[in-house]
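What follows is a short report on a single structure.
Every chain is numbered from 1, with letters handed out A, B, ... down the list of sequences.
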Amino acid sequence: MAFWLFKSEPHVFSWADQVALGDAGGPWDGVRNHAARNHMRAMTVGDRGFFYHSGAQPAVVGLVEVVAPAAPDPTAPPDSGWDCVSLRALAPLPRPVSLRSIKAEPALAEMVLVRNSRLSVQPVRPEEWERVCAMGGLAP
DNA sequence: GCCAACGTTGGC
DNA sequence: GCCAACGTTGGC
């Protein structure tokens, strides 16, 4: 199983919006960046991800699961090559993990979130996954 | 194919 | 509101 991070402006699409989609989940559409799209193409069903809020209070707020592999983005023109996976909410983090606290943690200095803050869909290393989960109050 | 100009993202 | 980082566009 691989781990990922999905970024969203909560005013556009929030964790609460993701939860509201229920177990069926929904497409992570609207991504128009090749690197982010390629990460989604590399995902398989069952992969886990962090749901991250960008903006005024940047933080990891929840866990999601990939429920459908990359397929054409319904919001993109046909045959335009923009694909996206579908995600469902798994659980909120008992304590959201702020970007500030991630940057303050030496073990997380290599996270893509720290090194390339603009990439909206990112890979997460297993040890980074465990560390952020622990910081968020989730038992291993 | 190079690179300057421009637009967008996102933290602060 | 500012600015750094990054991606895209377009002239050459």
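At least one side-chain heavy atom of A:Tyr52 sits under 4.5 Å from a side-chain heavy atom of A:Pro58. Residues A:Arg125 and A:Glu110 are in side-chain contact: their nearest non-hydrogen atoms beyond the backbone lie under 4.5 Å apart. Counting only heavy atoms from C-beta outward, the side chains of A:Ile102 and A:Leu113 approach each other to under 4.5 Å. The shortest side-chain heavy-atom distance between A:Val45 and A:Pro69 falls under the 4.5 Å cut-off. The shortest distance between side-chain heavy atoms of A:Leu93 and A:Leu63 falls below 4.5 Å.
The salt bridge (charged side-chain N to carboxylate O under 4.0 Å, His left out) analysis of residues 52-63 of chain A, with sequence neighbours excluded, yields no pairs. Listed by first then second residue, pairs satisfying salt bridge (charged side-chain N to carboxylate O under 4.0 Å, His left out) with a partner in residues 94-109 of chain A read A:Glu105-A:Arg131, not counting sequence neighbours. Applying the salt bridge (charged side-chain N to carboxylate O under 4.0 Å, His left out) definition to pairs two or more places apart or across chains, those involving residues 46-65 of chain A are A:Glu65-A:Arg88. The stretch residues 24-33 of chain A participates, sequence neighbours left out, in these salt bridge (charged side-chain N to carboxylate O under 4.0 Å, His left out) pairs: A:Arg32-A:Asp73.
Computed from coordinates, the A:Asn116 CG to B:dG11 C1' distance equals 13 Å when rounded to whole Å. Across the protein-nucleic acid pair, A:Leu113 atom CG and B:dT9 atom P stand 17 Å apart, rounded to whole Å. Computed from coordinates, the A:His11 NE2 to B:dG10 C1' distance equals 14 Å when rounded to whole Å. As rounded to whole Å, 19 Å separates atom P of B:dT8 from atom CG of A:Leu119.
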| field | Derivation and outcome, side chain to side chain contact (heavy atoms under 4.5 Å, CB included), residues A:Leu5 and A:Val124 | value | CA-CA 7 Å; A:Leu5 182 146; A:Val124 173; 3.8 Å; yes

| Should A:Val66 and A:Ser86 be marked as a side chain to side chain contact (heavy atoms under 4.5 Å, CB included) after you check the CA-CA gap, both sets of side-chain angles, and the distance that decides it? | CA-CA 6 Å; A:Val66 176; A:Ser86 289; over 6 Å; no

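Of the residues in residues 95-105 of chain A, those lying under 4.0 Å from DNA chain B by heavy-atom distance are A:Leu99, A:Lys103. Residues of residues 30-41 of chain A having a heavy atom closer than 4.0 Å to DNA chain B: none are found. At a non-hydrogen distance threshold of 4.0 Å, nothing from residues 49-60 of chain A comes into contact with DNA chain C.
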Using the 3.5 Å cut-off, write out each protein N or O paired with an N or O of nucleotides 1-4 of chain C and the distance between them.
none

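A:Phe51 meets the ring pair (Phe, Tyr, Trp, His ring centres under 6.0 Å) test with A:Trp15, A:Trp28, A:His53; sequence neighbours excluded. Qualifying side chain to side chain donor-acceptor pair (under 3.5 Å) partners for A:Arg41, counting only residues two or more places apart in sequence or in other chains: A:Asp83.
Clustering of Ile, Leu, Val, Met, Phe, Trp and Tyr by side-chain heavy atoms under 4.5 Å joins A:Val112 with A:Leu119.
Comparing the start and finish of the helix from B:dG1-C:dC12 to B:dC12-C:dG1, five pairs each, the helix axis swings through 10°, to the nearest 10 degrees.
For A:Gln57, the CD atom sits in a loose shell: 12 or fewer heavy atoms of surrounding residues, nucleotides or ligands are nearer than 6.0 Å.
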